[in-house]
Amino acid sequence: MTENAKPVLRFAPSPTGMLHIGGARTALFNWLYARHSGGKFLLRIEDTDRERSTPQAVAAILNGMRWMGLDWDGDEIYQFARAARHREVAEQLLAKGRAYRCYATPEELTEMREAQKRESKPLRYDGRWRNRDPKEAPPGAPFAVRLKAEDSGETIVHDLVLGDVRFANDTLDDMVLLRSDGTPTYMLAVVVDDHDMGVTHVIRGADHLNNAARQLQIITAMGWPIPAYGHLPLINGPDGAKLSKRHGALAVEAYRDMGYLSETMRNYLLRLGWSHGDEEIISTAQAIEWFNFESMGKSAARMDFKKLDNLNGHYIRSTSDDVLVAEITAFLERQTPPRILSDKARRRLLTAMPALKERAKTVVELIQSAEFLFTDGIRDLDEAAAKLLTPEARATLTATLPVLEATDWSGAALEAAARAHAEATGLKLGQVAQPLRAALTGKGISPPLFEMLALLGREESLVRLRAYAG
RNA sequence: GUUCCCAUCGUCUAGCGGUUAGGACGCGGCCCUCUCAAGGCUGAAACCGGGGUUCAAUUCCCCGUGGGAGCACCA
């Protein structure tokens with residue numbers, strides 16, 4: 001790394017699935033540091049596994065990144081396209097005597113590992129071709145190229161979040177650089193690409209910590225500058241076990257579809273493992289300003305959907321009404337079949353939004369609670385509303401109707417009339433209001449009743465109320 | 001098995017030798033109140049165990065225990 005140069009960060013997912021929450025967090029931290037330091041944030045698609053990589057997965061990752069608001073600098077780089085360069089480096093290592101040909105067959109290696117397992121020995125390549133003359137191999141036999149790793153001393157990873165992590169070199173074996181079909185392995189490709197891309201900070205999941213020592217050996221064998229490493233603690237499921245599809249290892253789009261805002265996701269993922277004193281609500285701009293690796297936690301964290309909900313509620317409340325309407329409109333149009341809101345529905349939604357957003361934790365809840373605004377006509381009752389509309393309640397509703405009908409149709413006037421009516425009949429306001437709410441919205445819960453009556457208007461309101469009178 | 005990492009309320013975390021161990025989510029209570037939220041006040045709730053080092057350990061070191069990750073011609 002050249003001194004004084006701007007940092008170069010990268011996110012390097014393999015396109016074998018969606019961009020899940022763990023990957024998104026890794027990307028976020030890389031992005032935050034790049035933006036914080038005025039450096040670059042690059043995106044590299046590690047598609048060297050031809051069997052498992054798909055164009056759909058590439059698209060999904062790119063879309064996920066965009067939704068998360070994580071923009072990358074320049075075009076994304078495809079690792080597979082660089083195979084020739086990886087091979088070239090392997091050749092150089094071979095020429096330098098830092099790598100060698102290994103003619104061991106897969107069967108032979110499996111057998112070796114099984115023997116090691118039986119003897120409870122560490123599973124490592126035993127270096128059987130390390131010092132053997134290639135002439136001993138059958139002519140024309142396929143071979144892999146292995147790194148001739150240091151066999152004494154130690155390799156130290158100076159980690160930005162974990163501190164110095166030491167590995168005795170005799171616990172590291174001679175890894176494969178080039179497969180017998182001539183294709184490069186991930187270990188080689190990563191190192192070469194990071195070097196060629198000028199990456200100064202390798203920030204990735206802690207599951208790569210062990211790899212770092214091995215990759216360091218390739219780097220030193222080539223005499224290349226050593227990047228700074230930072231291994232981020234992993235995210236576990238709510239039960240503390242590895243994050244699985246069942247509890248949170250979902251594509252980031254799945255979070256969008258559950259009604260979470262991307263700002264929420266950035267804030268939540270940031271706080272999962274990183275902190276700034278007692279701060280909980282951290283805007284993206286603030287995060288960029290504050291971000292550093294010193295405040296990174298070292299232990300794995302668990303997903304907590306309750307906290308995610310709470311944060312999302314906060315961001316929904318602080319998002320402007322028109323943005324939320326746009327968010328909802330887009331959400332509905334993404335459904336299959338797409339749902340298109342009428343202009344009337346959209347106007348009502350916008351008017352009701354200040355009251356609606358106060359009560360929702362997700363965009364989905366926002367939509368559910370606004371459902372009674374989307375169409376005209378008599379409501380079907382949900383369970384709570386049905387339970388509410390007892391014969392007595394219907395009688396109260398019937399008795400209240402003439403009072404409302406005689407009232408000026410504004411929120412304040414309707415409320416005043418209802419209060420007066422309640423007092424006159426010896427009822428609590430709630431006893432008068434609840435039946436009205438149930439009939440008007442079809443639900444037991446809604447935004448403030450009198451505002452909603454005013455919003456729907458005299459005619460529409462009376463149609464709905466009369467349907468359940470009697 | 002082996003290598004490596006980690007360890008403060010249930011959860012996310014603050015703490016960087018001396019604190020009534022703080023905040024947030026969640027949970028309980030009270031207030032507000034047309035429902036539900038939001039908001040305000042408030043309560044319960046934690047330093048994994050054992051040894052050191054030190055006048056003093058949640059904090060530093062070692063061991064144990066418990067979790068996690070890696071150990072492929074996958075990435």
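A, B, ... follow the sequence lines: proteins, then strands. Residue 1 opens every chain. It should be emphasised that the depicted structure is a prediction, and the values quoted were computed from it without experimental measurement. Just so it is clear, the values below take in all heavy atoms, side chains as well, and ignore hydrogens, waters and symmetry mates.
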> Is there, by distance only and without an angle test, a donor paired with an acceptor across the side chain of A:Ser446 and the base of B:C36 below 3.5 Å?
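Under the 3.5 Å cut-off, the side chain and the base do not form any donor-acceptor pair.
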
> Could you state the atom-to-atom distance from CZ of A:Arg214 to C1' of B:C4 in whole Å?
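Checked: the CZ to C1' distance equals 12 Å.
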
> Is it the case that the ring center of A:Phe291 lies less than 6.0 angstrom away from the ring center of A:Phe29?
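A:Phe29 vs A:Phe291: aromatic centres under 6.0 Å.
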
> Using a heavy-atom cut-off of under 4.0 Å over every strand shown, decide if A:Leu272 touches base, sugar-phosphate, or nothing.
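Counting heavy atoms under 4.0 Å across all strands, the contact made by A:Leu272 is with sugar-phosphate only.
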
> So A:Thr396 and A:Gln431, do their side chains get closer than 4.5 Å, heavy atoms only?
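Not in contact.
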
> Just compare B:C34, B:G26, B:A14 and give me whichever is closest to any side-chain atom of A:Lys306.
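When the side chain of A:Lys306 is considered, B:G26 is the closest of B:C34, B:G26, B:A14.
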
> Would you mind reading off the distance between A:Ile235 atom CD1 and B:C6 atom C1', rounded to a whole angstrom?
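So the two atoms are 16 Å apart, to the nearest Å.
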
> If B:A38 has a Watson-Crick or G-U wobble mate with both distances under 3.5 Å, name it; if not, just say none.
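When the pairing criteria are applied, nothing turns out to pair with B:A38, so the answer is none.
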
> Out of B:G23, B:C36, B:G10, which has the shortest distance to the side chain of A:Asp304?
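Among the listed nucleotides, the one closest to the side chain of A:Asp304 is B:G10.
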
> Looking for any heavy atom pair under 4.0 Å, which part of the strands does A:Glu46 touch: base, sugar-phosphate only, or nothing?
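Since only primed, P, OP1 and OP2 atoms lie under 4.0 Å of A:Glu46, the category is sugar-phosphate.
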
> Scan A:Pro233 against the nucleic acid and name what it touches under 4.0 Å (heavy atoms): base, sugar-phosphate only, or nothing.
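Touches nothing.
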
> Look at all strands and tell whether A:Gly205 reaches a base, only sugar-phosphate, or nothing, counting heavy atoms closer than 4.0 Å.
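The answer is nothing, as A:Gly205 stays clear of every strand by at least 4.0 Å.
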
> In terms of the angle between their ring planes, are A:His201 and A:Tyr33 parallel, tilted or perpendicular, with boundaries placed at 30° and 60°?
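Geometry flag for A:Tyr33 against A:His201: tilted rings.
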
> Could you tell me whether A:Pro447 contacts a base, only the sugar-phosphate backbone, or nothing, with contacts defined as non-hydrogen atoms closer than 4.0 Å?
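If one applies the 4.0 Å heavy-atom cut-off, A:Pro447 turns out to touch a base.
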
> Between A:Glu451 and A:Tyr103, just flag the one whose closest nucleotide in RNA chain B comes earlier from the 5' side.
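Closest to the 5' end, via its nearest nucleotide, is A:Glu451.
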
> Please report, rounded to the nearest Å, how far the P atom of B:A38 is from the OH atom of A:Tyr315.
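Rounded to whole Å, this separation is 17 Å.
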
> What is the nucleic acid contact for A:Asp309, judged by heavy atoms within less than 4.0 Å: base, sugar-phosphate only, or nothing?
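No contact.
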
> When all nucleic acid strands are considered with a 4.0 Å heavy-atom cut-off, which category describes A:Thr48: base, sugar-phosphate, or nothing?
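The residue A:Thr48 makes sugar-phosphate contact but no base contact.
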
> Restricting both atoms to N or O, compile the protein contacts to nucleotides 58-69 of chain B shorter than 3.5 Å, with distance only.
none

> For A:Trp72, check ring pair (Phe, Tyr, Trp, His ring centres under 6.0 Å) against everything at least two apart and list the hits.
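Partners of A:Trp72 by the ring pair (Phe, Tyr, Trp, His ring centres under 6.0 Å) criterion come out as none, since no residue qualifies.
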
> Which part of the nucleic acid does A:Leu162 contact within heavy-atom distance under 4.0 Å: base, sugar-phosphate only, or nothing?
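Contact class for A:Leu162: sugar-phosphate only.
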
> Rounded to whole angstroms, how far apart are CG on A:Leu269 and P on B:U11?
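A:Leu269 atom CG is separated from B:U11 atom P by 19 Å.
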
> Hey, is the main chain of A:Arg302 close enough, under 3.5 Å, to the side chain of A:Asn236 for a donor-acceptor pair?
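No; zero donor-acceptor contacts below 3.5 Å.
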
> Describe, in one word, how the ring planes of A:Phe305 and A:Tyr260 are oriented to each other, choosing from parallel (under 30°), tilted (30 to 60°) and perpendicular (over 60°).
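Geometry flag for A:Tyr260 against A:Phe305: tilted rings.
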
> Give the rounded distance in Å between these two atoms: CD of A:Gln431 and P of B:C34.
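These atoms are roughly 13 Å apart.
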
> How many Å lie between CG on A:Asp382 and P on B:U35, as a whole number?
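It works out to 17 Å between those atoms.
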
> Does A:Arg166 make a side-chain N or O approach to OP1 or OP2 of B:C4 shorter than 4.0 Å?
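The answer is no; no side-chain N or O of A:Arg166 sits under 4.0 Å from OP1 or OP2.
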
> Kindly say whether, by distance alone, the side chain of A:Arg124 makes a donor-acceptor pair under 3.5 Å with the base of B:C71?
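In this structure, the two groups form no donor-acceptor pair.
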
> Report which part of the nucleic acid A:Phe167 touches: base, sugar-phosphate, or nothing (heavy-atom distance under 4.0 Å, all strands).
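Answer is sugar-phosphate: A:Phe167 comes under 4.0 Å of backbone atoms only.
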
> Is the NZ or CZ atom of A:Arg50 both under 6.0 Å from the centre of the six-membered ring of A:Phe80 and within 45° of that ring's axis?
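Flagged: A:Arg50 positioned over aromatic ring of A:Phe80.
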
> Assign A:Arg52 to base, sugar-phosphate, or nothing according to its heavy-atom contacts below 4.0 angstrom with the strands shown.
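A:Arg52: base contact, heavy atoms under 4.0 Å.
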
> Considering only atom C1', compute the distance from B:G29 to B:G68 and round it to an integer number of Å.
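Their C1' atoms lie roughly 39 Å apart.
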
> Mapping A:Asp164 and A:Pro106 onto RNA chain B by nearest heavy atom, which one lands closer to the 5' end?
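The residue mapped nearer the 5' terminus is A:Asp164.
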
> Between the base of B:C12 and the side chain of A:Lys307, is there a donor and acceptor pair under 3.5 angstrom?
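Present.
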
> From NZ of A:Lys298 over to P of B:A14, roughly how many Å is that when rounded to an integer?
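Going from A:Lys298 (NZ) to B:A14 (P), I get 11 Å.
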
> Between B:U54 and B:C61, how far apart are the two P atoms, rounded to whole Å?
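Here B:U54 and B:C61 have their P atoms 16 Å from each other.
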
> What nucleic acid atoms does A:Ala104 come within less than 4.0 Å of, heavy atoms only: base, sugar-phosphate, or nothing?
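Since a base atom lies under 4.0 Å of A:Ala104, the category is base.
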
> May I have the distance from A:Gln434 (atom CD) to B:C34 (atom P), rounded to whole angstrom?
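Interatomic distance, CD of A:Gln434 to P of B:C34: 11 Å.
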
